[in-house]
*Asks:* 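Could you have a look at this structure, given as structure tokens, before my questions?
Every chain is numbered from 1 and lettered A, B, ... according to where its sequence line falls, protein lines coming before strand lines.
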Number of protein chains: 2
Amino acid sequence: MARAAAPTVLQLVQSNSLPALVQIEIEQLILGGELAVGQRINESELASRFRTSRGPIREALRALEESRLVRSEKNRGVFVREISVTEADEIYDVREALDQLIGQRVAERATPEQIRELKAVLAEMDRATAKQDIKCYHALNLKFHDMLVEFAGNARLAESYRLLTKGLLLFRLRGLQDGGGFAVSNTEHKAVVDALAARDSTRAGRLLRQHAIESRARMHRAAAVADTI
Amino acid sequence: MARAAAPTVLQLVQSNSLPALVQIEIEQLILGGELAVGQRINESELASRFRTSRGPIREALRALEESRLVRSEKNRGVFVREISVTEADEIYDVREALDQLIGQRVAERATPEQIRELKAVLAEMDRATAKQDIKCYHALNLKFHDMLVEFAGNARLAESYRLLTKGLLLFRLRGLQDGGGFAVSNTEHKAVVDALAARDSTRAGRLLRQHAIESRARMHRAAAVADTI
DNA sequence: TAAGTGAAGATTGTCGACAGTAATCAATAA
DNA sequence: TTATTGATTACTGTCGACAATCTTCACTTA
């Protein structure tokens, strides 16, 4: 496993503090949809849920606010952030630039083993497509892009990229993602991996950027459809 | 003044909560060098300094940790983050990509008034250069790039860019920035603004990226010199 | 002298409590 | 019936206190 090893629960508890743990937990709640977009977050409720006082909860919420997953109104509480199409557009604008960089770097630095891992995920995605398992495809899609940014070998890049795409997830939770055409999406993935395997950094960068552009277009189409409903 | 209006103190106190205010204050302490890089931050000390309890301080520190300005060790405290040359390199890698995007967008979107503002700052920088006022030049340099990212008209881009460059400031605080050649730097600035005025987005993007690349090279030269001392 | 040990002090982690503010809802008046 | 007012309730903002942990440093011992 060439990727950064996932930390064990033990390591997590020992190194990270309670607020950090809570932060991860709340993030899962948001990204998992249990806390709906726009919803107010009740501190006391979370506190009793996690068997802590409100202190650690508040600390976690501050961190989540800094990462723009929640917004906070004074004396009113913190709310799960809602992303408008306009803001999603802004994010995509940045993402396109970063994806190009990611494609270039992965083409330059990825090990043969990592390329194989990417291909394996691609194959899984094909199977999910065949079964029309959208949920599975979506999870694999996230994994694929996460692996890419990891293989780019730049921690700061990965951090920026993940922060950005987390915002996009808030939007996707409304069910607008991928615009239905996910078989198309995987064709684009394959072209990218081909360029990576060929160590063609320019082409890989261009293709991954193009993939982001197409994703944005799919997002727009889905949003347009959703608005007509 | 076409830029985003600076919020008044009143607005700040009314809208933002105490932790948010404290966060800004601590950030100033760090970026101003009062809290040295690598130094441990004493919660009680800050609390008495700002006449609050430790709660708000801790919340602010969590937010600063999320923005990577401090790091936190369990049961040991939080420390002002130190940036290695390797990490500065990583940041520059991302910054180059973002700068290209910024150049393109500003060329497309900036108002004539904004272009004039940029030129005015450039003139100020020339005067600072003539007086060999490095500190003033440095401040204006930051302002120039901050205006650029603002004029790009993409809040998320601005956010990502500022987060990134804040990290670079931690490095710069060690006196390694600019590598001495700041007259050269302003020549590059002028070329960028020329492209912006000509509405040549491709050239503006290329030049601003190139400027970031040169900045990185200057950083490396300065670091090399610092290491021989 | 150097290494190890123990206590004392300082600092962080967490909690429960109280004050202040916003939201809710019933009662009243137009 | 609708709008307004006032009281009630719920929640956030902040604080001080205590427990747990780390650091420091004097002291002992080989």
Side-chain angles (χ1 to χ4, degrees), chain A residues 7 9-26 29-30 34-82, chain B residues 7 9-26 29-30 34-82:
Chain A
V9 179
L10 184 66
Q11 287 173 327
L12 228 56
V13 173
Q14 284 178 337
S15 61
N16 297 34
S17 58
L18 214 162
L21 275 299
V22 170
Q23 180 184 346
I24 295 172
E25 216 65 34
I26 298 177
L29 251 40
I30 294 174
E34 188 159 345
L35 289 172
V37 169
Q39 183 184 332
R40 217 204 60 201
I41 297 176
N42 190 318
E43 294 179 2
S44 312
E45 197 179 309
L46 283 181
S48 58
R49 176 173 191 154
F50 296 129
R51 313 290 176 83
T52 69
S53 69
R54 280 172 49 224
I57 303 288
R58 286 180 64 87
E59 291 184 29
L61 288 178
R62 280 285 163 232
L64 289 173
E65 183 185 12
E66 190 69 20
S67 72
R68 298 292 184 268
L69 240 58
V70 303
R71 82 190 140 79
S72 156
E73 293 180 29
K74 188 175 180 178
N75 287 325
R76 290 204 53 223
V78 335
F79 301 77
V80 179
R81 199 126 186 278
E82 30 206 335
Chain B
V9 179
L10 184 66
Q11 287 174 325
L12 227 55
V13 173
Q14 283 178 337
S15 62
N16 297 36
S17 59
L18 214 163
L21 274 299
V22 170
Q23 181 184 347
I24 295 172
E25 215 64 35
I26 297 178
L29 251 39
I30 294 174
E34 190 160 344
L35 288 172
V37 169
Q39 183 184 331
R40 216 202 70 218
I41 296 177
N42 190 318
E43 293 179 3
S44 313
E45 199 179 308
L46 283 181
S48 58
R49 175 174 192 152
F50 295 129
R51 313 290 177 84
T52 69
S53 69
R54 281 172 49 223
I57 304 288
R58 285 179 64 86
E59 290 184 31
L61 288 177
R62 280 286 163 242
L64 288 172
E65 184 186 9
E66 190 68 21
S67 73
R68 298 294 184 267
L69 240 58
V70 304
R71 79 191 143 79
S72 154
E73 294 180 28
K74 188 177 181 179
N75 288 323
R76 291 204 53 223
V78 338
F79 302 77
V80 179
R81 198 125 186 279
E82 31 206 336

*Asks:* For A/R76 and B/E43, take the nucleotide of DNA chain C holding the closest heavy atom to each; which residue's nucleotide lies nearer the 5' end?
*Replies:*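 Closer to the 5' end of DNA chain C: B/E43.
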*Asks:* Check B/E34 with B/R49, please: is the shortest side-chain N to carboxylate O separation under 4.0 Å?
*Replies:*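 Judged by the 4.0 Å cut-off on N to carboxylate O distance, B/R49 and B/E34 do form a salt bridge.
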*Asks:* So does B/N75 get a side-chain nitrogen or oxygen closer than 4.0 Å to the phosphate oxygens (OP1/OP2) of D/dA20?
*Replies:*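 No, B/N75 has no side-chain N/O under 4.0 Å of OP1/OP2 on D/dA20.
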*Asks:* With a 3.5 Å cut-off and no angle check, do the side chains of A/E66 and B/Q23 form a donor-acceptor pair?
*Replies:*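 Side chains of A/E66 and B/Q23: pair found under 3.5 Å.
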*Asks:* Taking atom P of D/dC22 as reference, at what distance in whole Å does atom CD of B/E73 sit?
*Replies:*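 So the two atoms are 11 Å apart, to the nearest Å.
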*Asks:* Where the side chain of A/S48 meets the backbone of A/S44, is there a donor-acceptor pair that is under 3.5 Å apart?
*Replies:*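 Yes, the answer is positive, given that a donor and an acceptor are paired below the 3.5 Å cut-off.
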*Asks:* Taking all non-hydrogen atoms of both residues into account, name the closest pair between A/I57 and A/E43 and its distance.
*Replies:*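 Between these two residues, the closest heavy atoms are CG2-O, 4.2 Å.
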*Asks:* Using atom CG of B/L21 as one end and atom P of D/dG13 as the other, report the distance to the nearest whole Å.
*Replies:*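 Taking CG of B/L21 and P of D/dG13, I get 13 Å after rounding.
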*Asks:* List the steps, then state whether side-chain contact (heavy atoms from CB on, under 4.5 Å) holds for A/I26 with A/F50.
*Replies:* CA-CA 10 Å; A/I26 298 177; A/F50 296 129; 4.1 Å; yes
*Asks:* For the residue pair B/E65 and B/V70, establish whether any side-chain heavy-atom pair is separated by less than 4.5 Å.
*Replies:*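 Side-chain contact under 4.5 Å: yes.
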*Asks:* In whole angstrom, what separates A/I41's CD1 from D/dG13's P?
*Replies:*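 Rounded to whole Å, this separation is 12 Å.
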*Asks:* Below 4.0 Å from chain B heavy atoms, what is the first contacting nucleotide of DNA chain C and what is the last?
*Replies:*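 Terminal contacting nucleotides, 5' to 3': C/dT11 to C/dT14.
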*Asks:* Would you find a donor on one side and an acceptor on the other, under 3.5 Å apart, between the side chain of A/R71 and the backbone of A/R68?
*Replies:*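 Looks like no, no N/O pair under 3.5 Å.
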*Asks:* Quick one, which residues of residues 44-62 of chain A touch DNA chain C with a heavy atom under 4.0 Å?
*Replies:*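 Within this stretch, A/R51, A/T52, A/S53, A/R54, A/P56 sit under 4.0 Å of the strand.
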*Asks:* Among A/K74, A/R62, A/E73, which one satisfies side chain to side chain donor-acceptor pair (under 3.5 Å) with B/S17?
*Replies:*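 That would be A/R62.
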